[in-house]
Amino acid sequence: MLVAVGNYSLYLMLGFCIYALVAALIGANPEREAWLRSSERAVYAVFALCCLAMLGVEVALVTDRFDLAFVAKTSAREQPLLFKLALWGGQAGSLLLWAWLLSLFSFLVVLQNRQRNRMLMPWVIASMMLNLLFFGAIVTFSSNPFEALPAAKAYSNGAGMNPLLQHAAMLVHPPVLYIGFIGFSVPFSFAAAAMITGQLGTTWFETTRRWTLVSWFFLGMGLMIGGRWAYEVLGWGGYWAWDPVENASLMPWLAATAFLHSVIIQEKRGMLKIWNVALIGLTYSLCVFGTFLTRSGVVQSVHSFANAGWFGTLFLAYVAVLAIGFAALLIWRLPLLRSHNKLNSIVSREASFLLNNYVFIGLLAIVFFGTLYPVFSESLTGVRTQIGPPFFQRYSGPLAIFMLFLTGVGPLIAWRRATWINLRKSFLWPAVITLATVVGTLAVGVREFYPVSFLALCAWVIATIVEEYQRGIRARRRRGENSLQAALGLIRRNQRRYGGYIVHLAIVLMFIGFAGASFNSEETRLLKPGETWEVSGYSLEYRQVRPVRHAHYAGAVARLALKDQGKPVGVLLPEKRMYFQQEQPTTIPAIASNLREDFYVILAGLQPDQSIAVKVYINPLVNWIWIGGFVLVFGNTILLWPFKRRGSGAGART
Amino acid sequence: MSKGVQIAIAAVTVFAAVAIGLTQMDGEDGTFTYYSSVGDFVGDGAPESSAGVARVHGFVVAGSIQADLPAGHVDFSIKDAENPGLLSVRFLGIDVPDLFRDGAEVVIEGRFERGTFLAERVMAKCPSKYENQEPGTEA
């Protein structure tokens, strides 16, 4: 019954999807408006059917239907409810989630645009449905979550979700990332529609501005939550390993960040039209390509779920159709997209935006090359080559430094052409503060090039942001407002500019955290019960080790009392577990964290005489990354806050 | 500003970054690393000791893992999936990855001295991918 309902809703969904696509194309003719309406209703139906299929999978997971291959692989009777519901723990479920989100976003786009953008909508719907058709077909015919196990294999219990995934961050990370990925299908579709209809003004990106911002935000948060998960779960003391699939989500984020900056130039100066369309095409193509990398197993990665040959080929073909189709549209419309304005000066805000775009694309190219190099080299020469983190650090380091510099420069210079007097006035204080930071970091004994320049440039950006706020507030105070009113007024009046600064601040805080990684240190030691280990100003006293026994795992947990410069911090409980079903050990670190550094300890091994092998990582400044994350949420809230436009400044309610 | 100047700026930016990166390359540090298989590594005519850092890919021989915590190392052997030939490895540490176990696919990195591979790093591949085998089926 459940299986039948699930499968039929998938088939019907595909049917309605095709209908919506065809009806939209017919409805593109303004004289056949009724077809467009009909197509829109079909989109509602597609969404409803997708919901039904999702519900079916959830019911199967909650009711322990281990006769279904997907449920047997990713769930187990004793698995906590929340982890049962997290259907993205396996291939079929995560692709269904993708399809469902795509149907949800199609539905929302249709709702938003019932009265607006009548010219664009048929093509927007057609593009969204084309995308959904692909994912719907994959879910229905290749990775079907309702596929039954042969009766002989049906099992009384499932294998359970991979223990590494049974963590709070994993409940949030995949859906958050997916919202980001799939959200870009909306601006992508609008850009395609704009090219097809020749309406190449600013409408397409103004209509989808919120979609773009929200998707960018979710993509960034997804990346960050993934990093947090790696840090807390994988027990290697780090949050980013330049793993191919981490890179797969970083690439669209870089393209999208470039896009968010360069659309501003199109709005203000009517320039970079081609570039903007190309960037949004690139962003969504990279989103899909990233999913392909993750799911196809083409690149060896900890994230790969499965390794099915024709599935990968099909997926790659889809990415190619998407990217080449979009590029073809772009080339066809080149004559319409040429801009009339030119850069007036290299010392202008638009020039700094342009440079910033090149930096992002440069970073993207480096990450792309490094990620796919093993694939190229193996297929061309047959030799397996790996590119390690040093490659990425070498090449991205200088670009990141330049990017930080631009982040500080951009806001301070004028559009069109900056004057020398203006420059000197704006740059004086930030320059002084930057210099002071260089001297300061050198004075505390930091000598390495990267940390010194990163920290100095972070100070530089913060100084410019503070200066910008100060300038605005000062101007408003002259009109009799107090500082708080003035700050709120600034944000309200020019939400994108001042919200954008908060986002920059967030990124800088993260960079401070990244810079800290240069000072990471690690040490391993064998401790007997009662023994105390003095390590980097901390003292770690090993009290005892206790066995742990649960339904699906057993292990040991060590009690370690930690003192920081003699002051008690607390008891750390690093743990080692063995999951029975998967025969997989997991190491659960214990972390004592403050703003200066993290004391990160893992239980590396256990001896019969109760002595334990302990590995300690000291990770300076790492907390600033997560703090930056919270500031990012705040900055984005400002950017997206629905302030009433053109309201009177007085009596602002917030 | 003309198109040419714009393109020049773009090129200079990207190439400056790459050039700075290149000046710091020295090849031996994991920037580009070639794997060899156990067969290639211990095959005929292999020297008793290797020059520089090497990376070898293989599978942990079942039952070969011997951890000596007090001494701070873990001994094991690896072999290829098909070819005969063993490589005995001493990992100079005790914090083996979680996925390191009998039969696990590993990449070891280190130097080869007097017939033993002294591994500085042991990386375990994720054979289970993040999806489990269906119950009742063999890996």
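Below, chains carry the letters A, B, ... as their sequence lines are ordered, and counting in each starts from 1. Nothing here was measured: the structure is a model prediction, and the numbers come from that model.
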Of the backbone (N, CA, C, O) and the side chain (C-beta and beyond), which part of A:L606 lies under 4.5 Å from a heavy atom of chain B, both, or neither?
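When you check distances to chain B, only backbone atoms of A:L606 fall under 4.5 Å.
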
Structural part of A:T587 lying under 4.5 Å from a heavy atom of chain B
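The answer is both parts of A:T587.
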
Roughly how far apart are B:D95 CG and A:I602 CD1, rounded to 0.5 Å?
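Answer rounded to 0.5 Å: 5.5 Å.
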
Can you list the residues that meet the side chain to side chain contact (heavy atoms under 4.5 Å, CB included) rule with A:R525, with sequence neighbours excluded?
A:L527, A:E531, A:W533

Under 4.5 Å, heavy atom to heavy atom: which of residues 64-74 of chain B reach chain A? Give them by number, or say none.
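Residues B:L69, B:P70 are the ones that qualify, each having a heavy atom under 4.5 Å from chain A.
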
Applying ring pair (Phe, Tyr, Trp, His ring centres under 6.0 Å), name anything that partners B:F91, two or more places apart in sequence or on another chain.
none

The salt bridge (Lys or Arg N to Asp or Glu O under 4.0 Å) partners of A:E448 (sequence neighbours excluded) come to none

Pick whichever of A:A604, A:P585, A:G397, A:G370 has the most heavy-atom pairs under 4.5 Å with chain B.
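Ranked by heavy-atom pairs under 4.5 Å with chain B, first place is A:P585.
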
